[in-house]
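Heads up: the structure comes next, in structure tokens.
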2 protein chains.
Amino acid sequence: MAYKVKGTIWIEGPGGTFLGLGRVNLLQKIAETGSISEAARRMNMSYRQAWEHVDAMNRESKTPIVITNTGGQGGGGTIVTKEGLKALKQFEKLHKRFQSFTSRETTKVKL
Amino acid sequence: MAYKVKGTIWIEGPGGTFLGLGRVNLLQKIAETGSISEAARRMNMSYRQAWEHVDAMNRESKTPIVITNTGGQGGGGTIVTKEGLKALKQFEKLHKRFQSFTSRETTKVKL
DNA sequence: TTGCGTTATACCTGAACATGAATAACGGAT
DNA sequence: ATCCGTTATTCATGTTCAGGTATAACGCAA
């Protein structure tokens, strides 16, 4: 069986993508480190790209996904809200079900 | 429910993408018209892009998906093989099941 | 007031990618 | 031999996109 069913999946809000796999990974790193910069560094992602993801997520969400603080001890930081963690967990489950779907479909492909 | 689960899906061969929604639409048009050029015209796709899709499909398939003829009455043309039609139908079914999956998952999203 | 690390934003440049134009090759019909 | 519409391929160009740099704003600590 040389063929594989592959795909990508995401949750879309009224104005565009809300949550995808990349953003979920980023959210996890932010939750761990409390910092967008540090999360970006660990993922080998530019700060700018990370910030744009964060900004887009907040724009697509009624309730904030992360709360950022500028200035203060350590320069500031950002925390992932309760709603952010909830969305994160929901996407993880969705993604697992999607992975089941693709591998199940792969076994069905007869070419 | 403002959020929707969206995604894309495709069948991948050893060397890259074999069949996706765009290629399936193109295959259908080729089967109808017997011509890559005419199919491209009807889809508002450049001939080059259409030809590259066709070439890639044949490269990723053990048995040819389309057979092209250059020269002759009408300048030539291309036909979709039996295996091509089979692959086309299989992808259509896969895509329908994927659409069911995403709409089912959309109802599960609680944010 | 100065220093610090973070958030926030603008700008520039190089690379990847899509597009369109141009052209050759082909082979049956007239 | 010439014409025709198609397949097949190359080239130049334009446009989007990621990357890096640079810099301002912020607010607490010393």
Taking NZ, NE, NH1 and NH2 as the nitrogens, is one of them in Glu38(B) or Arg42(B) under 4.0 Å from a carboxylate oxygen of the other? yes

Salt bridge present between Glu105(B) and Lys108(B) (N-O < 4.0 angstrom): yes

Is any side-chain heavy atom of Ile65(B) closer than 4.5 Å to a side-chain heavy atom of Phe18(B)? yes

Parallel, tilted or perpendicular: rings of Phe98(B) and His95(B) (30°, 60°): tilted

For the side chain to side chain contact (heavy atoms under 4.5 Å, CB included) test, which of Lys89(A), Gln90(A), Lys82(A) pairs with Lys86(A)? Gln90(A)

Check: Asn58(A) main-chain N/O paired with Ser61(A) side-chain donor or acceptor under 3.5 Å: no

For DNA chain D, which residues in residues 55-87 of chain A have a heavy atom at a distance below 4.0 Å? Thr70(A), Gly71(A), Gly72(A), Gln73(A)

Scan residues 8-32 of chain B against DNA chain C and write down, sorted by residue number, each residue with any heavy atom closer than 4.0 Å; if none is found, say none. none

Over how many whole Å does the gap from [X] atom [atom1] to [N] atom [atom2] extend?
{"X": "Glu38(B)", "N": "dG5(D)", "atom1": "CD", "atom2": "C1'", "answer": "11 Å"}
{"X": "Gln49(A)", "N": "dG20(D)", "atom1": "CD", "atom2": "P", "answer": "10 Å"}
{"X": "Arg48(A)", "N": "dT9(C)", "atom1": "CZ", "atom2": "C1'", "answer": "10 Å"}
{"X": "Ile36(A)", "N": "dT9(C)", "atom1": "CD1", "atom2": "P", "answer": "11 Å"}
{"X": "Trp51(B)", "N": "dA18(C)", "atom1": "CH2", "atom2": "P", "answer": "16 Å"}
{"X": "Tyr47(A)", "N": "dA22(D)", "atom1": "OH", "atom2": "C1'", "answer": "14 Å"}
{"X": "Met45(B)", "N": "dC17(C)", "atom1": "CE", "atom2": "P", "answer": "17 Å"}

Group every Ile, Leu, Val, Met, Phe, Trp and Tyr by side-chain heavy-atom contacts under 4.5 Å, then state whether Met57(A) and Trp10(A) land in the same group. no

If you look at every heavy atom in Thr78(B) and Val66(B), which pair is closest and at what distance? OG1-CB, 4.3 Å

Closest non-hydrogen atoms of Pro64(A) and Thr81(A), given as atom of the first, atom of the second and distance, are O-OG1, 2.7 Å

Nearest to the Arg41(B) side chain among dT6(D), dC11(C), dT7(C), which nucleotide is it? dT6(D)

Looking only at side-chain N and O atoms, does Ser46(B) come under 4.0 Å of OP1 or OP2 in dA18(C)? no

